[in-house]
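Below is one structure, written out as structure tokens, with a few remarks after it.
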Amino acid sequence: MNKVALITGATRGIGKQIAITLAKQGFDIALNYRTENDSLNETVKEIESYGVRCLAVKGDISSFEDCENMTKQVIEKLERIDVLVNNAGITKDMLFIRMKPEDFNQVIDVNLIGTFNMTKNVSQYMIKQRSGRIINISSVVGIHGNAGQANYSASKAGIIGLTKSLAKELAGRNILVNAIAPGFIETDMTSVLKDEVKANIMNSIPLKREGKPEEVANVVKFLASEDSSYITGQVISVDGGMN
Ligand code: NAI
């Protein structure tokens, strides 16, 4: 029986690439999406072309009930969950002075509470299995902060605290919990940035280029594999030397 990986926000960008990379490694894939679109069908087809099972589960990770339902569906159809990748995330960038409570709360609700909601539900099964890997996608700004991203940085720093605490609590159950802190990765999320902002960021990257979704997915592949069996509670930066 193949191992099963559940990836949130997996129909585009980094999440899609993680799903494809793990499918190539022989994982059956459960991919979470929020709204049906062409990219969903395309992603499912591509994953199935690697000869593994692919189950698409619809839900908003900021809803605990949706996360509970999605987890149940995956267990019912694919029987287990070996790897959870908390990837889905949003930005709502603006200077703090203009930030309204709802701008702050919305980003925390999806990025941090969403990570809690999925982890809370999935970890119950991992505890019963006495094995599992939880991989949380944080961000370089969760370590260093960033002007214009107080909400996002707080959510991503929160993910790091959650990761480190859970690593300590779940180690006894053979569940490893780690985070990845990507820098500037070429996706739809970053394509909306103004050229001037992009140029500024590029100047701060020693490797002088954007990262590719594959370069994040390859670290997920490592953290999901036996090669990382003695690593837990860590934050691995994938940022071209930015920090
Ligand atoms: P993206 O915007 O291309 O993809 C995000 C995915 O999350 C989308 O499929 C979206 O539908 C899904 N999503 C958003 N809210 C959701 C919700 N409430 N429930 C379920 N799904 C939801 O973004 P990208 O660039 O692929 O980012 C993936 C992750 O990597 C995010 O957590 C992001 O914060 C993080 N990251 C990205 C960086 C970058 O430079 N692109 C840098 C550092 C971190």
Side-chain angles (χ1 to χ4, degrees), residues 6-21 30-44 56-71 84-93 105-119 121 135-146 149 151-160 162-163 179-193 197-198 200-202 204-205 207 209-217 219-220 235-240 242-243:
L6 165 57
I7 303 120
T8 64
T11 60
R12 69 180 213 191
I14 296 171
K16 177 176 177 173
Q17 189 55 50
I18 291 170
I20 290 167
T21 300
L31 55 88
N32 151 254
Y33 68 98
R34 215 175 15 164
T35 43
E36 266 111 27
N37 54 35
D38 293 346
S39 173
L40 168 66
N41 299 329
E42 245 173 57
T43 312
V44 171
V57 285
K58 183 174 182 169
D60 177 345
I61 58 159
S62 67
S63 151
F64 188 82
E65 202 187 342
D66 278 12
C67 294
E68 199 172 15
N69 288 335
M70 289 191 286
T71 307
L84 167 65
V85 186
N86 284 306
N87 163 79
I90 58 166
T91 50
K92 212 158 191 237
D93 298 351
N105 293 343
Q106 202 186 340
V107 173
I108 297 288
D109 275 351
V110 174
N111 297 4
L112 182 56
I113 306 210
T115 299
F116 167 82
N117 289 342
M118 282 311 302
T119 305
N121 282 292
I135 303 161
N136 296 324
I137 307 299
S138 175
S139 167
V140 73
V141 305
I143 304 172
H144 298 285
N146 193 23
Q149 290 195 306
N151 48 4
Y152 182 75
S153 304
S155 73
K156 294 296 186 179
I159 287 176
I160 292 175
L162 181 65
T163 302
I180 296 175
F184 189 51
I185 312 296
E186 203 180 340
T187 67
D188 292 338
M189 186 181 264
T190 49
S191 67
V192 296
L193 296 174
V197 176
K198 277 192 190 170
N200 271 340
I201 299 174
M202 213 63 80
S204 69
I205 305 172
L207 285 181
R209 65 170 177 86
E210 288 173 287
K212 298 186 183 72
E214 288 86 339
E215 292 173 308
V216 178
V219 180
V220 173
V235 183
I236 302 179
S237 293
V238 182
D239 62 3
M242 229 170 158
N243 61 68

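Remember, it's 1-based here, ligands and their atoms both numbered in the order they're listed. Computed over heavy atoms, backbone and side chain alike; hydrogens, waters and symmetry mates excluded.
Close N/O approach between Ala10 and ligand 1 is not found [any backbone or side-chain N/O within under 3.5 Å]. Of the N or O atoms in Gly15, none lie within a sub-3.5 Å distance of an N or O in ligand 1. Between Asn87 and ligand 1, a contact under 3.5 Å exists for at least one N or O pair. Not one N or O of Ile90 is nearer than 3.5 Å to an N or O of ligand 1, by distance alone. Any N or O atom pair closer than 3.5 Å counts here, and Thr190 shares no such pair with ligand 1.
Within the structure, ligand 1 has Lys156 among the residues with a heavy atom less than 4.0 angstrom away. A heavy-atom separation below 4.0 Å is not found between Ser63 and ligand 1. For Pro213, the closest heavy-atom approach to ligand 1 does not fall below 4.0 Å. At least one heavy atom of Gly183 sits under 4.0 Å from some atom of ligand 1. Within the 4.0 Å heavy-atom cutoff, Tyr152 counts among the residues contacting ligand 1.
Proximity to Phe184 (heavy-atom distance under 4.0 Å) selects the following atoms of ligand 1: 40 (O). Taking every non-hydrogen atom of Gly59 and a distance limit under 4.0 Å, the qualifying atoms of ligand 1 come out as 19 (N), 20 (C).
Judged purely by distance below 3.5 Å, without hydrogens or angles, the side chains of Asn136 and Thr115 never pair a donor atom with an acceptor atom.
Atom 43 (C) of ligand 1 has its nearest heavy-atom neighbour, among Gly13, Pro182, Ser39, in Pro182. When Arg12, Arg34, Lys58 are ranked by how near their heavy atoms come to atom 16 (C) of ligand 1, first place goes to Arg34. Selection from Ile137, Val85, Ile18, Asp60 by nearest heavy atom to atom 18 (N) of ligand 1 gives Asp60.
Residues meeting the side chain to side chain donor-acceptor pair (under 3.5 Å) test with Glu210, sequence neighbours left out: none. Scored by the side chain to side chain donor-acceptor pair (under 3.5 Å) test, Asp109 finds no partners at all (sequence neighbours excluded).
Annotation: Asp188, atom CG; neighbour count of heavy atoms from other residues, nucleotides and ligands within 6.0 Å is above 12.
Side-chain contact between Phe64 and Asn121 is present, with at least one heavy-atom pair separated by less than 4.5 Å.
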